[in-house]
**Student:** 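Can you keep this structure in mind? I'll have questions shortly.
Keep in mind that what you see is a predicted model, and the values were worked out from it rather than measured.
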Amino acid sequence: MGPQGLAPLLLMLLDCWASVSAQTRAPQPVTTEGLNSAEAARTTLRPALSPRPPGTPKAPVPSSGPRPTPVTDVAALCVCDLTPAQCDVNCCCDPDCSSMDFSVFSACSVPIVTGDSQFCSQKAAIYSLNFTANPPQRIFKLVDQINPSIFCIHITNYKPALFFINPEEPDENNFDKLMETSEGFSLNSESELSFTTQLDTPDTAKYKYGVHLQTSDSFLRFPSPLTSSLCTDDNPAAFLVNQAVKCTRRINLEQCEEIEALSMAYYSSPKILRVPGLRAKAEIPITVHSILIQSLNKTLTQLEDTVMLNQTLVEAGDVKICTNVVLEVKYSLTYTSAGEITQAGLSLLLGTVSQAVVPLEQKFEIHFIQQNTKPVLLSGNPGYVVGLPLVAGFQPQKGSGIIQTMNRYGQFTVLRSTVEQDCLAVEGIRTPVLFGYDMQSGCKLRLPQAITCQLAVKKVKNLLKGQGFPDYVAPFGNSQAQDVLDWIPVHFITQASHMKDSCQLPVALFIEVKWTKYGSLLNPQAKIVNVTASLISSPFPETDSGNERTVLISTAVTFVDASAPAKAGFRARPTINARLPFNFFFPFV
């Protein structure tokens, strides 16, 4: 090898020696500590060196530079030390542990504690146990670990990056200087206008939960009490928020015609926007469904025509009364899954107010009904399923379909028993009739001495039958309301005692449901074939002593299996249909 071949070899050796000398640092002592002994060891972890091709310029290697200061001292960090002043089990870094504690340790729960993993070189505290020593000793080592990742922090060559820079606040002294350093700004009147419009205009796509219901001029007002029981008229109704409140008003009877909150038009005249922010061709009028008139003696009369009625002050001698005053308001709003209001209904209770009933009490309700989105729940397909409610309804007029309530558990109900056993307390509390479940309930009705038999009969009938006692029951769980001829009529029978010239008081209602198995033997379907409701009456009890009479009221439901026993076999006896040729027995016949 000539002198020209030695030059590249010498350059390569010099480069390797410079790299090794630059990366080699003074070895750092690593102590191994026990409780009774200490030893010193030297451990140096270096990365592997790879040769560089001859002639390649050497990258500058900084011989020194500031390193990021570790935030946590790993030698003093003990993550398993959870109990102060006590030794934690298998926690080798716990300073509260003694040699007696180490003797029961199985291993170190945290054998190594490292610092920030983003540094190329980081401290690591290693803990172990020496069980061969007597007593057992804890071994602690503090070493330097090299991060093998190429994305690690080696030196800090830009110190401001380690801290958050506080921006300079502009004032009258430095404003010109900040304007020169910045790129400036420009005002765009068109974009600013559009941004302001977006802030002021609500989301016109749909109503969202809790958003105020908008009307053509404002929002739908829903009076409610706030800090007291007095009504506040500025409370807006919110989308999908069902409410039922009661509040009072202090009114001057002579000014009842001037108070808007007492008029029918105040609640029926607003037009609700189909979606918020959209007024053109998107106003939903409020339709009045029913109007009830309540007199001074609490009797109710339903009007056939839903005409607009205004409150009127009437003088009857020395007494002044105000008629057609709104006492109860019930809103029913229909919406779609797209967040649009499609229908708005209103039911009103109007009454007469005299000077004796001031302050006035009002009730307000609002309910939201989703339109054509929920699947129709069935009580069977086709036969009834045990435990599901009976499908029932009534026919308002001959030739029409069956009318059913939306609550499938309220189509056929009976009286519900309570702990108090007071009929007046449980009035309106009903329980559904479930297929296949026999049930019995009852209560006690206390009749005062002044009550008449006719009034008691009406009260007990309403108590036993409830509101909307059905006229028809569906034979199957999936029967359609338009197929009236398939539905089973409810046969109502009244049974009374044979005592003449006595008022008969209903005391019990017995309902018998007969059903049969319909279809194949492998999968029979339950079908209702007959429903009978028997109202049993007894003579009106007379009072012997005391001011009250107690009558026991009871209801019972019984399901009877009327299935005929199945008969296995063929519909007709099989026959052999075969014809022999005419000369089959030739020459014998």
Side-chain angles (χ1 to χ4, degrees), residues 207 211-239 241-274 276 279 282-296 300-314 320-335 341-355 357-369:
Y207 279 108
V211 175
H212 298 166
L213 296 179
Q214 298 183 10
T215 59
S216 56
D217 55 352
S218 179
F219 52 83
L220 183 63
R221 292 178 174 86
F222 187 79
S224 64
L226 293 182
T227 57
S228 63
S229 61
L230 297 178
C231 296
T232 302
D233 296 327
D234 293 334
N235 179 49
F239 183 65
V241 179
N242 297 328
Q243 300 184 59
V245 298
K246 180 169 56 177
C247 58
T248 58
R249 294 184 187 273
R250 296 176 182 175
I251 62 174
N252 187 358
L253 197 61
E254 296 180 353
Q255 300 177 354
C256 72
E257 297 180 350
E258 303 175 1
I259 303 176
E260 293 183 352
L262 303 181
S263 64
M264 176 180 170
Y266 181 78
Y267 304 100
S268 60
S269 60
K271 295 183 179 180
I272 304 175
L273 300 185
R274 180 183 295 270
R279 287 176 170 80
E283 295 179 352
I284 306 299
I286 298 177
T287 305
V288 180
H289 290 164
S290 64
I291 300 177
L292 291 177
I293 302 296
Q294 177 177 303
S295 62
L296 287 176
L300 300 178
T301 304
Q302 186 171 1
L303 300 182
E304 296 181 359
D305 299 330
T306 57
V307 296
M308 186 67 64
L309 300 177
N310 298 323
Q311 68 270 32
T312 306
L313 183 62
V314 181
K320 294 182 179 180
I321 59 176
C322 189
T323 60
N324 300 331
V325 175
V326 176
L327 301 180
E328 292 187 11
V329 177
K330 295 182 179 179
Y331 287 107
S332 58
L333 304 180
T334 305
Y335 69 97
I341 301 295
T342 57
Q343 294 179 0
L346 177 64
S347 300
L348 295 171
L349 173 62
L350 308 181
T352 302
V353 181
S354 64
Q355 192 68 33
V357 296
V358 177
L360 178 66
E361 183 180 80
Q362 291 181 309
K363 297 180 181 179
F364 303 93
E365 294 183 12
I366 183 170
H367 299 281
F368 291 85
I369 304 173

**Student:** Which atom pair, heavy atoms only, marks the closest approach of C247 to P225?
**Tutor:** CB-CD, 3.9 Å
**Student:** So how far is it from I291 CD1 to M308 CE, rounded to the nearest 0.5 Å?
**Tutor:** 8.0 Å
**Student:** Starting at OG of S269, measure out to CE of M264 and round the result to the nearest 0.5 Å.
**Tutor:** 10.0 Å
**Student:** Any chance you could measure I321, atom CD1, to L313, atom CG, to the nearest 0.5 Å?
**Tutor:** 8.5 Å
**Student:** Among residues at least two apart in sequence or on other chains, which ones pass side chain to side chain donor-acceptor pair (under 3.5 Å) with S347?
**Tutor:** S290
**Student:** Measure up the F368 and Y335 rings against each other and bin them: parallel (under 30°), tilted (30 to 60°), perpendicular (over 60°).
**Tutor:** perpendicular
**Student:** Starting from the C-alpha separation in whole Å, work towards a yes-or-no answer on side-chain contact (heavy atoms from CB on, under 4.5 Å) for K320 and V314.
**Tutor:** CA-CA 6 Å; K320 294 182 179 180; V314 181; over 6 Å; no
**Student:** CD1 of I293 to CG of L300: how many Å apart, nearest 0.5 Å?
**Tutor:** 9.5 Å
**Student:** Considering non-hydrogen atoms only, spot the tightest contact between A261 and Q362 and give its length.
**Tutor:** O-NE2, 3.5 Å
**Student:** Could you check if a side-chain atom of L348 sits within less than 4.5 angstrom of a side-chain atom of V329, using non-hydrogen atoms only?
**Tutor:** yes
**Student:** Does T342 reach the main-chain N or O of T334 with its side chain, forming a donor-acceptor pair under 3.5 Å?
**Tutor:** yes
**Student:** Contact between V353 and L262 at the side-chain level, heavy atoms closer than 4.5 Å - yes or no?
**Tutor:** no
**Student:** side-chain contact (heavy atoms from CB on, under 4.5 Å) with I284: which residues, sequence neighbours excluded?
**Tutor:** R274, A344
**Student:** Would you call Y207 and I341 a side-chain contact if the rule is heavy atoms closer than 4.5 Å?
**Tutor:** yes
**Student:** Apply side-chain contact (heavy atoms from CB on, under 4.5 Å) to T248 and L360, showing your working.
**Tutor:** CA-CA 5 Å; T248 58; L360 178 66; over 6 Å; no
**Student:** Answer yes or no: is there a donor N or O on one side and an acceptor on the other, between the side chain of Y267 and the main chain of I286, under 3.5 Å?
**Tutor:** no
**Student:** Measuring from K246:NZ to E365:CD, what's the distance to the nearest 0.5 Å?
**Tutor:** 11.0 Å
**Student:** Are the side chains of L349 and K330 in contact, using a 4.5 Å heavy-atom criterion?
**Tutor:** no
**Student:** Below 4.5 Å, heavy atoms only, C-beta onward: do T323 and Q311 meet side chain to side chain?
**Tutor:** no
**Student:** Hey, does K363 have a side-chain heavy atom less than 4.5 Å from the side chain of L327?
**Tutor:** no
**Student:** Quick one: are V325 and T352 in side-chain contact, heavy atoms under 4.5 Å?
**Tutor:** no
**Student:** I need the minimum non-hydrogen distance between T215 and L220, along with the two atoms involved.
**Tutor:** CG2-N, 3.6 Å
**Student:** Rounded to the nearest 0.5 Å, what separation is found between the CG atom of L346 and the OG atom of S332?
**Tutor:** 8.0 Å
**Student:** Could you list the donor-acceptor pairs under 3.5 angstrom formed by side chains in residues 231-239, with sequence neighbours left out?
**Tutor:**
unit_1	atom_1	unit_2	atom_2	d
D233	OD1	R249	NH1	3.3
D233	OD1	R249	NH2	2.5
D233	OD2	R249	NH1	3.2
N235	ND2	F222	O	3.0
N235	ND2	S224	OG	3.0

**Student:** Quick one: are I259 and Y266 in side-chain contact, heavy atoms under 4.5 Å?
**Tutor:** no
